[in-house]
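Heads up, the thing below is written out as structure tokens.
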Amino acid sequence: MIADLWQAQLTFGLFVFLLTPGFGLSPGLQRVRLLVFLAIGYIPIAGLSLADYMRSFTGDLAITSLVALAYWTAVRTGFAPRQPRAKTLQIVAVMACLALFLYPATMGLSYLDPYRLGYQPRPLILFVGLLTLALLALQNRLGACMLALATLAFSVGLKSATNYWDYLIDPFIALYSCFALIGYAISRLWRNGSAKRRDALSSQPG
Amino acid sequence: MSVWFAGSREGAADVQIRASRYDAIAGEWGPELILATRESTSTAIQRHIRKLGNPVIALAPDDRLWLFYVSVSIGGWAGSAINAMYSDDFGENWSPPKQLVTTPFLNISTLVRNAPVFHRDGTIGLPVYHEFLGKFAEYLYISPDGEVLDKSRISKGKHSLQPTVVPTSEYGALALLRYAGETHHKVLASRTEDAGQSWSEPYPIEPANPNSSLAAIATPNDGLLVALNDLEDGRFRLRLMGSDEGLSFWKPVIDLDESPDPLGNPFSREVYSDIIGDKFQSSSGPRRIGLLSDFLANLDQRVCSMHGCDFEYEYPYFIKSSDGLYHLVYSWNNTFIKHVSFNDSWLEAQL
């Protein structure tokens, strides 16, 4: 429970920091801005902190989301370099696949409930372990770190949730990943179409 | 002890989870207690709470008294999550509520309505249902400390909710479900033979169901006793029905409460006041007769609308106490909770 509240404060600070413009501030001032937002999360209104209000509507984020938010914050504050787009695509592909496996069936479409796999999660942990190794093999340290920390947090019971899925995925990273993947597919198709049109034009006899 | 939610209207901010204690010797209910409010729940779980509802109370074999109820932070009932609190001194003092995490989608859309089943290994089986996008029932396994351990799906789709689960053997149980579809208007039944790990596909059975909640309990002869609105439309009659374990034979036991109009048509306010006044007096016991004039003066939107005034008897909840008595409580015209009790001898005489 205490970990949940601490997580709520962290989520609030990172979320607001990333959603608000950086105003072209230096990395040092960005760090100050982050500290200010982390502090704002503690402001109480009618018995609850601002972070608690946000948590009321967003639920507790998955550890993977927290790691991703922390990474983007590190990039903006100059602590980490931006990773290549291909590696980000690998991560969103993994998260989108997990989301598509989990969410539709969880809504009661069938008797199969993949969320149940998270209560006795050994097979799921094994599968996620393989995904982590695959991401490591692709030198995708952020992706591997997201999955590994989620598993580690589950093993020590960092959140009040008892289901492994709640550490792996939440609707926000799921939607982000699906839309990012769709966006990538559309831009890829568009580029291919443009290239073909250019080829067709250049091959016409002058 | 009995629990209910009460306030200015369903879903209002002033709704509280209230309770009353029954004195079996005096045969009377004690004063109304407040077990949970929006504020107490919000403080305990550190979330904004918009409304409360659907409390369920049950005594475990280890004498721990459990209270489950739903709270909503955002949206309607589809945004519900279940909270659990317990008392180790029969309701004198309570633990702070703890929110159960039961779905991966923002932990919304799990509601409780009927009695839990206490398993021999100490775990609790809690029948729950979902109302977000689909309407379907599940069975939660909860540890003796209130942690969600597992869950199984009783039904799928959009047409079944509010399961009531009755153990029938060491590993067998029967679930009866409220039907929310438009096809057959019948109660649905599903069975498990592996202590709730898996359930058969729900199928319609004989009693009608007007999309209203029902409650069931086992009887000593391996039969079943069900309190329900055995109607295709409306909730103007609450009936007790008996059945065999195979659900092939059904017999009405008694109509607990009903509208004088066999079709449940509404009454004018004047006629309604006379009828419900008589019902109030016959149901209330001598201690509450003095409340009659206040009750009649405050007949409001809970029972009367533009088309007239209706009778509604709904949301039954069944237990069998350790002294062998059956206790049934239900909502009486959206204004009171009515308690009915009987024993096996009375039941045998009816069947």
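Treat the numbers as computed from the prediction; the structure is a model and nothing was measured. No hydrogens, no waters, no symmetry mates; every other heavy atom, side chains included, goes into these values. Order of the sequence lines fixes the chain letters, A, B, ..., with proteins taken first and strands second; residue numbering starts at 1 for each chain.
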Flag yes if more than 12 heavy atoms outside [X] fall under 6.0 Å of its [atom1] atom; otherwise flag no.
{"X": "B:Y203", "atom1": "OH", "answer": "yes"}
{"X": "A:K87", "atom1": "NZ", "answer": "yes"}
{"X": "A:R197", "atom1": "CZ", "answer": "yes"}

### Query
Less than 4.5 Å apart, any side-chain heavy atom of A:I169 and any of B:P104?
no
### Message
Is there a side-chain contact between B:T102 and A:Y115 in this structure, where contact means two heavy atoms from C-beta onward sitting under 4.5 Å apart?
### Response
no
At a heavy-atom separation under 4.5 Å, does [X] approach chain A through its side chain, its backbone, both, or neither?
{"X": "B:S198", "answer": "neither"}
{"X": "B:I154", "answer": "backbone"}
{"X": "B:T103", "answer": "backbone"}
{"X": "B:H48", "answer": "both"}
{"X": "B:D150", "answer": "both"}
{"X": "B:S152", "answer": "both"}
{"X": "B:L133", "answer": "side chain"}

Write down the atom of [X], the atom of [Y], and the distance for their closest heavy-atom approach.
{"X": "B:V101", "Y": "A:Y119", "result": "O-OH, 3.8 Å"}
{"X": "A:S56", "Y": "B:S73", "result": "O-CB, 3.5 Å"}
{"X": "A:D52", "Y": "B:Q46", "result": "OD2-OE1, 2.8 Å"}

[atom1] of [X] to [atom2] of [Y]: how many Å apart, nearest 0.5 Å?
{"X": "B:E201", "Y": "A:Y111", "atom1": "CD", "atom2": "OH", "result": "4.0 Å"}
{"X": "A:R116", "Y": "B:Q197", "atom1": "CZ", "atom2": "CD", "result": "4.5 Å"}
{"X": "B:L106", "Y": "A:F57", "atom1": "CG", "atom2": "CZ", "result": "11.5 Å"}
{"X": "A:T162", "Y": "B:E147", "atom1": "OG1", "atom2": "CD", "result": "6.0 Å"}

### Message
List the residues meeting ring-ring contact (aromatic ring centres under 6.0 Å, His included) with A:F12, not counting sequence neighbours, and say none if there are none.
### Response
none
### Query
In terms of side-chain geometry, is the basic nitrogen of B:R47 or A:D60 positioned less than 4.0 Å from the acidic oxygen of its partner?
yes
### Message
Ring-plane angle category for A:Y103 and B:F105, please: parallel below 30°, perpendicular beyond 60°, tilted otherwise.
### Response
perpendicular
Under 4.5 Å from any heavy atom of chain B, what part of [X] do you find: side chain, backbone, both or neither?
{"X": "A:L48", "answer": "side chain"}
{"X": "A:A99", "answer": "neither"}
{"X": "A:T58", "answer": "backbone"}
{"X": "A:L61", "answer": "neither"}
{"X": "A:N163", "answer": "neither"}

## Note on the structure
Looking only at B:K151, B:E39, B:E138, B:R50, the option with the highest number of non-hydrogen pairs under 4.5 Å against chain A is B:K151
## Note on the structure
chain B shares the most heavy-atom pairs under 4.5 Å, among A:S110, A:G59, A:G47, with A:S110
### Task
Mind checking side-chain contact (heavy atoms from CB on, under 4.5 Å) for B:Y171 and listing every partner two or more places apart, or none if nothing turns up?
B:A195
